Each structure stands twice: as C-alpha cells, then as structure tokens.
Amino acid sequence: MLLPLAWLWSASLIPSSYSVLTMGPADTGGVPGSHPHLPGAAGGRDVTTLVEPSRAAPDVEVTLTARQQKVTVPGGPTLTAYTLNGTTPGPTIRAREGDLVQVTLVNESVPGGTTLHWHGIDVPNAEDGVAGVTQDAVPVGGRHVYRFRATQVGTYWYHSHQISHEQVVKGLLGAVVVTPRAGLGGDVDVVGLSHLYAGRRAVQGRGGDVPVEVVAGKWARVRIINTDNGIMPVWVSGASYQVVAVDGTDVNGPTAVEGKKVALAAGGRVDLRVQVPATGAVRVEMGGAALVLGPPGSSAPATRAPTDVVDLLSYGTPQPLGFDPTKPDRRFTYSIGRRPGFVNGKPGVHWTVNGKMFPGAPMFMVAEGDVAVVRIDNHSGETHPMHLHGHHVVVLARDGVKATGSPWWTDSLEVGNNQTMDVAFVADNPGIWLDHCHNLPHAKEGLQAHLMYEGVTTTFKLGRDTPNSPE
Ligand code: C2O
Ligand code: CU
C-alpha cells in the first residue's frame, strides 16, 4: 500500500524548471508523426520570432504602469489591488480596425512580476503574454513592449497572465475596443467591464448603479465584459435588447430579446444593443451592479434576473463559416474529469484532461492551415469556461444538437457539467497556445493544455526556479 503511494507521490513532483514542450504527450489528432519541436532540436521557429511583421510607427500607443496599491472602489470595498496607470480596471484601449497598437507595460511594484495577455485578440504568438511560454514575467523595474494589428473589430480585454489567479482577481486588467473604420452607425459606444472586488460587483470600477448619459431615443452598443471566474447573468430592464456580438464577433441577424438573460462565461463578452426610451432610462443589469443609460437624473426600476437564457446555439441567422469543418485534418478530444491522486506531491481530487492530471494533459499538435475539430466533454462535477488562446472556435453542436443560428464564434465557452461541445477552428496563427479553464483557480490547479504548431519552439521555462508562473 505505502510503496505505490510513495511512487505516485514522487512521480507527481514537478521539476523546479521545465519547458512547456515537455509537459504532456503529443496528441496528433489522427495525423501520424506530428510532435513538439523539442528544445535543442535543430531548426524550428522560436516563439519570439512570431511577431507583428510591420516595423511602422504605431497608430495607437499606450504605456501601462502596473502597481500594487490600496484602492477604494466607489460604492464598493477598499482593498489592496493591482492597478494600471493608477486605476482598476486600467484605461480602455481604443483602436480602429487595422490600427497598429503598441503597448508598453511597465512594472513599478507588482511583486511577483507581471505580463499582459490580450484576451480574445488573436495576436502573433510572441505578443500573447503568457509567462514561461511566450515571454518571461516582467520584474519590478522592468518593461515589455507588445505590438499587434487590430484586425478584429469588437470587444476584448487585457489581463495579467502571470500568477493570473491572484493578479486578475485583484484587478490587473482592462478593456480593449476595436471599432469599424465606418463607425458604429451613430450608436453610442458604452463599455461595461464587470469585475468582483473582494466579492462585490463593480462596473467600470464602480459599484451599484453606474449612470451613463445618453439622450432619449438614442441607440447604444453596450460592451459587457465578464472578467471574473464565474458565469455572469446579463439582462436589461426597461427595454428589449439585441445580442449584436459575442466574444468580439458580430452576430448575423440578431433579433429582439425580452424576458431572457445572457449567461456570460468567465472571460466572455457580449455587445448588447439597446434604445433609451422617450422617458426614463434603460438598465443593463449584471446582478449587483448595473449601467443606467438615459438623460441626467433619469432612472428605471430594476428587475430580477429572468430564468430563461438566450441560446446562442439557435440565436440569429446562419451564414457561411468560411471553411469546411465536415472533413477536418485533425480531430481532438478535450475531456475534463476529476479524480483522486497527486499533483506536485499534493494529494487531492484533481482535474484531469483526457484522464491525465497536470502536467500530463496532451499537447494538441497542428500544422499551419489545418482545420481542427475538438470535442470538449465535461464530466468533472463542475462547469468550466474554456478559453483557447490565439484562435476563435465556432460551435458546431452541443450535446449532439447541431447549431442552427448565426455562426457562434467564441473564445470563452462555458462547458457545463455532463455537457459536450463540438467546436472547430482553422489553425492560422502559428505558435504555442494555452487552452485552459478561465475559472483561474481551476487553471492553477491544473486544468490546462496546449495547442502547438509543428516546428514552433520556445526557450522560456516555467517552475519555481524561474520567474514564471502563468496561472
Ligand atoms: Cu484570459 Cu489564458 O486567458
Ligand atoms: Cu474550470
């Protein structure tokens, strides 16, 4: 009894310094001979070479200084938080479609080092901000420059990907908005980044009702961002609404919604289009906090969260996907479970991916240009918001029921317990990409895998003898 236990314990110990390339076994998705490009092997493309090709001067240039400091959330708690340029959330970065964006991250006082990840923006791999995979964490006194082209219109966010389960919760985050060249057709553009500070919800860094001045009769596009670890209900009091974008991608043929809520996954975004009524206001509710859109002093009665949910599997009108997922080059399974065992010498009931505990999750191998289909199934007893870096996936089916609405492109997909999601994507962004649960403590506990392109390699290391601890 003792001997096998001791063996399991010692076999679970994680080296003090290791490469992401050697974490788990390669999963070739049915294509023989595809394997990670191991450190020391000849050739290969280093992640640091996968950058934005243009050396031009940026169209949007921002410096974000990260600090640890005491923050008082108006209408909320006072806590020790992480700020960017003195606030949490940090400044909203706004770009127009096609702009070259350059962000300099300066770490003034975040003790464990920090990075910035561009959640939902399919940036070149070197810009992805994952400590130990695409860069070293930026130490106190250090800086790091990120450059990417804002080719995707929509609502995104940035956050630390170093000790993320702690740094994100404590506010090291902000919004990114990319607007179309042609503008928003006269809609008022409102950002509603939601975050729980010490367990209390705030929108745009304020608790309670947050007024937004909009004249009567005007339409607004309200960009809701869920930066927390759990799912968030979003609904509207005082008007119907349309879900016009999901995770940055416009919905095709959105219809008016009434008496339903959106169930917004951790990390996910929805853009809601609402019209301010002739008298009064419209409330965009997030459970504990709300944006109140209307003329100064206007108000509207709050309502309780509807029980019915907008089903994105059937919402909107179908449209060609732009690729054919019926004959994929690779087929993967990402099966999430849980069982007793050891992770890094710690006994517990640990998450598994395809039956393996951390760091044994597969490395999903692809070649550039492949079409990949992934079946995500979850039998772990809990729900998981799954996030693949560097790509958007389209939902093909849920529990075997085919999607019938607008193409549901997502980067943050809630996979409920005992649920199965079939998704597809095009491997068009070479690199090494995390594919993890965005309930960040789950990721830290080991609910993570990687998508790797053939021939791409990294010299960055993780582990306690390195500066890097991405989760
Ligand atoms: Cu929002 Cu791996 O991150
Ligand atoms: Cu999870």
Side-chain angles (χ1 to χ4, degrees), residues 20 47 82 89-90 114-123 125 127-135 137 146 154-176 193-195 225-232 247-248 264-269 334-338 343 348-353 357-358 361 376-393 410-419 421 429 431-451 462 468-471:
V20 66
V47 292
Y82 297 117
T114 193
T115 68
L116 292 177
H117 166 63
W118 311 94
H119 186 116
I121 305 181
D122 301 330
V123 298
N125 197 219
E127 313 300 331
D128 199 40
V130 179
V133 178
T134 64
Q135 68 172 95
Y146 300 90
T155 308
Y156 307 95
W157 61 298
Y158 60 85
H159 63 77
S160 165
H161 225 305
Q162 161 75 354
I163 322 177
S164 62
H165 75 282
E166 193 241 347
Q167 293 189 5
V168 177
V169 169
K170 291 189 182 163
L172 214 159
L173 51 89
V176 184
L193 181 151
S194 166
H195 191 69
I225 307 170
N226 180 4
T227 63
D228 298 308
N229 289 322
I231 202 160
M232 177 174 79
D247 290 350
L264 189 56
R269 289 88 57 214
Y334 194 130
S335 178
I336 306 165
R338 201 172 194 185
V343 168
V349 186
H350 295 292
W351 307 115
T352 58
V353 180
M357 283 177 227
F358 184 84
I376 312 170
D377 81 73
N378 174 11
H379 47 93
S380 68
E382 283 194 43
T383 181
H384 301 289
M386 299 307 293
H387 173 52
L388 169 62
H389 286 212
H391 302 75
H392 279 71
V393 304
T410 173
D411 54 59
S412 307
L413 179 64
E414 193 77 22
V415 185
N417 188 39
N418 293 327
Q419 203 167 58
M421 290 282 193
N429 195 8
I432 302 172
W433 303 100
L434 260 173
D435 188 354
H436 66 98
C437 176
H438 220 282
N439 187 338
L440 298 171
H442 291 182
K444 183 193 176 260
E445 289 157 12
L447 187 29
Q448 48 169 296
H450 293 84
L451 173 71
L462 306 109
N468 303 318
S469 176
E471 310 302 344

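What you are looking at is a predicted structure, and each value in this text was computed from that prediction instead of being measured. Each ligand, and each atom within it, is numbered from 1 in the order the structure gives.
Atom 1 (Cu) of ligand 1 lies at 2.8 Å or more from every N, O or S atom belonging to His387. Checking Cys437 against the Cu ion (ligand 2), an N/O/S atom falls under the 2.8 Å cut-off. Under 2.8 Å from atom 1 (Cu) of ligand 1 lies no N/O/S atom of His117, from backbone or side chain alike. Not one N/O/S atom of His119, from backbone or side chain, sits under 2.8 Å from atom 2 (Cu) of ligand 1.
Considering just the N/O/S atoms of His442, the one nearest the Cu ion (ligand 2) carries the name ND1. Considering just the N/O/S atoms of His384, the one nearest the Cu ion (ligand 2) carries the name ND1.
The only member of His384, His161, His119, His117 that meets ring-ring contact (aromatic ring centres under 6.0 Å, His included) when paired with His438 is His119.
Between His442 and His436, the distance separating the two ring centers is not shorter than 6.0 angstrom. Between His387 and Trp157, a ring centre-to-centre spacing not shorter than 6.0 Å is recorded.
For Val130 against Pro470, the heavy-atom pair with the smallest separation is CG1-CB, 3.9 Å. Contact record, Thr114 with Gln162: CA-CB, 3.9 Å, taken as the closest heavy-atom pair.
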Walk me through it: do Val169 and Leu440 pass the test side-chain contact (heavy atoms from CB on, under 4.5 Å)?
-> CA-CA 9 Å; Val169 169; Leu440 298 171; 5.6 Å; no
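Computed with atom 2 (Cu) of ligand 1 at the centre, the His389 NE2 to His161 NE2 angle is 110°, stated to 10 degrees.
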